[in-house]
There are 2 protein chains.
Amino acid sequence: MLKLTKKADYGLMAMKHLAEHADEGACSAKDVAEAYGIPQEALAKILQRLAKVGLVQSQHGINGGYTLTRDPRSISAFEVINAIDGPLFITSCVTVRGECGQSNRCTIREPLRKVNESIEQVLKNIKISQMKEESETIEIRKPAELVTLV
Amino acid sequence: MLKLTKKADYGLMAMKHLAEHADEGACSAKDVAEAYGIPQEALAKILQRLAKVGLVQSQHGINGGYTLTRDPRSISAFEVINAIDGPLFITSCVTVRGECGQSNRCTIREPLRKVNESIEQVLKNIKISQMKEESETIEIRKPAELVTLV
DNA sequence: ACAACTACGACTCTTTAGGTCGCCTTTTAT
DNA sequence: ATAAAAGGCGACCTAAAGAGTCGTAGTTGT
């Protein structure tokens, strides 16, 4: 149903949390998990993935935890989602390794690929720093012109 | 991973097929299934859903099958997907019946809702008649302006 | 060196997408 | 009238992915 996984949700929440608490040093997975009612170990695994791709830095030991490695204004939602859920494809036809299973007769691949690109662009243009609860901070402009006939 | 279900894929393929063969009378589920290598019974169920919401009309008996009820230029990909997969939500936070399970402390709901609306608009602006294999027929315009800061 | 705390990775459980099967109803060609 | 061809509906099965849990290894402060 075209939805993000909970993991991606959690990841975005965690990234936002880290961005907001950057001046207070590292945040442990436990801290973040308790703040939002997320299962602690589940969140830890997500943060580990984010650490693996270099979006956050991990610190062992007492008072350890995670910190952002970059300015939250430069981190897009796409990066986070991609790190957690892997490359996203709107259609099951287009896979990582190439082609459509439907006897290569699938005729909707190309249009949907365009849609996919469009969605990626939307996600790439939303930065962690922009994610606030107030709806006014993000404005979607000219949606009607998004996809047009040539 | 933010992908459409195969059912939705199949549905779009079938709709496109019906649009292209509109002048030849009704197409049976079997015809369409064989044309693209889709399991026949699976496709039949999908076509039944499309018939239920009025996107296609069914005809029993010999030489029966399905026909589009409207001009393919007026049918959007969104309608088809919505009929098959139900309402789509990018985030698992936002459900049909309302609220976020994470103790209502989920802070990314609103920004993601905006993304969701944007995706819906993209899908609403793609019509069945536009779905051709050639990539030139659909142009994504100004993706960089999709989501902007206020 | 020890204890407290954290990250890390393997594993299990649950959900759901995807597909199959069977039986019924409707229509129509003969 | 009848048989064949098509849709209609529901139950069921399977397999994959999502979500969460448990145990282990690694750091750090004292």
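As the structure is a computational prediction, the values presented were derived from the model and not from experiment. Order of the sequence lines sets the chain letters (A, B, ...), proteins ahead of strands, with each chain counted from 1. Only heavy atoms go into these numbers, but all of them, side chains included; no hydrogens, no water, no symmetry mates.
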Item checked: Length of the CG-P vector between A:L50 and C:dT6, whole Å -> 18 Å
Check: Should A:K6 be listed as having a side-chain N or O under 4.0 Å from OP1 or OP2 of D:dG18?
Finding: no
Checklist line | OP1 or OP2 of D:dA19 under 4.0 Å from side-chain N/O of A:Y10 | finding: no
Margin query: Is any side-chain heavy atom of A:K45 closer than 4.5 Å to one of A:R49?
Written below: no
Notebook entry, point to check: 5'-most contact on DNA chain C: B:A8 or A:G64, nearest heavy atom basis?
Noted result: A:G64
Next item on the list: Using whole Å, report how far CD1 of B:I38 lies from C1' of C:dG18.
Entry: 13 Å
Notebook entry, point to check: Atom OH of B:Y66 and atom P of C:dT26: how far apart are they, to the nearest Å?
Noted result: 15 Å
Margin query: Measure NZ/A:K30 against P/C:dT6 and give the value in whole Å, please.
Written below: 6 Å
Item checked: Min side-chain heavy-atom separation B:V32-B:L43 under 4.5 Å -> yes
Next item on the list: Write down the distance between CG (B:D9) and P (C:dA17), rounded to a whole number of angstrom.
Entry: 14 Å
Note to self: Can you list everything that forms a side chain to side chain contact (heavy atoms under 4.5 Å, CB included) with A:A42? Sequence neighbours excluded, please.
What the structure shows: A:P39
Item checked: Any side-chain heavy-atom pair of A:K127 and A:Q130 under 4.5 Å -> yes
Margin query: So if I define the base as every atom that isn't primed, P, OP1 or OP2, how would nucleotides 24-30 of chain D read as a B/S/- string at a heavy-atom cutoff under 4.0 Å?
Written below: ---BSS-
Notebook entry, point to check: How about B:E79 and B:L55: do any of their side-chain heavy atoms sit closer than 4.5 Å?
Noted result: yes
Check: Which residues satisfy the side chain to side chain donor-acceptor pair (under 3.5 Å) test with B:D71, sequence neighbours excluded?
Finding: B:R73
Note to self: Expected output is a numbered-order residue list: members of residues 51-58 of chain A with a heavy atom under 4.0 Å from any atom of DNA chain D. What is it?
What the structure shows: none
Note to self: Run the side chain to side chain contact (heavy atoms under 4.5 Å, CB included) test against A:A44 and tell me which residues pass, sequence neighbours left out.
What the structure shows: A:A29, A:Q48
Check: Got a sec? Which of residues 40-49 of chain B come in under 4.0 Å of DNA chain D, heavy atoms?
Finding: B:K45, B:Q48
Margin query: So for atom NZ, which belongs to A:K30, do other residues, nucleotides or ligands contribute more than 12 heavy atoms lying within a distance under 6.0 Å?
Written below: no
Next item on the list: Round to a whole Å and report the spacing from CG of B:D31 to C1' of D:dA6.
Entry: 10 Å
Notebook entry, point to check: Can you tell me how far C1' of C:dG19 sits from OH of B:Y36, to the nearest Å?
Noted result: 21 Å
Item checked: Donor-acceptor contact present, side-chain A:R113 to main-chain A:E117, <3.5 Å -> no
Check: Taking the side chain from A:N125 and the backbone from A:Q121, do they hold a donor-acceptor pair closer than 3.5 Å?
Finding: yes
Checklist line | Out of D:dG8, C:dT20, C:dA17, whichever nucleotide has its closest atom nearest the side chain of B:P39 | finding: C:dT20
Check: Hey, is B:E110 close enough to B:K114 for a salt bridge, meaning N to O under 4.0 Å?
Finding: no
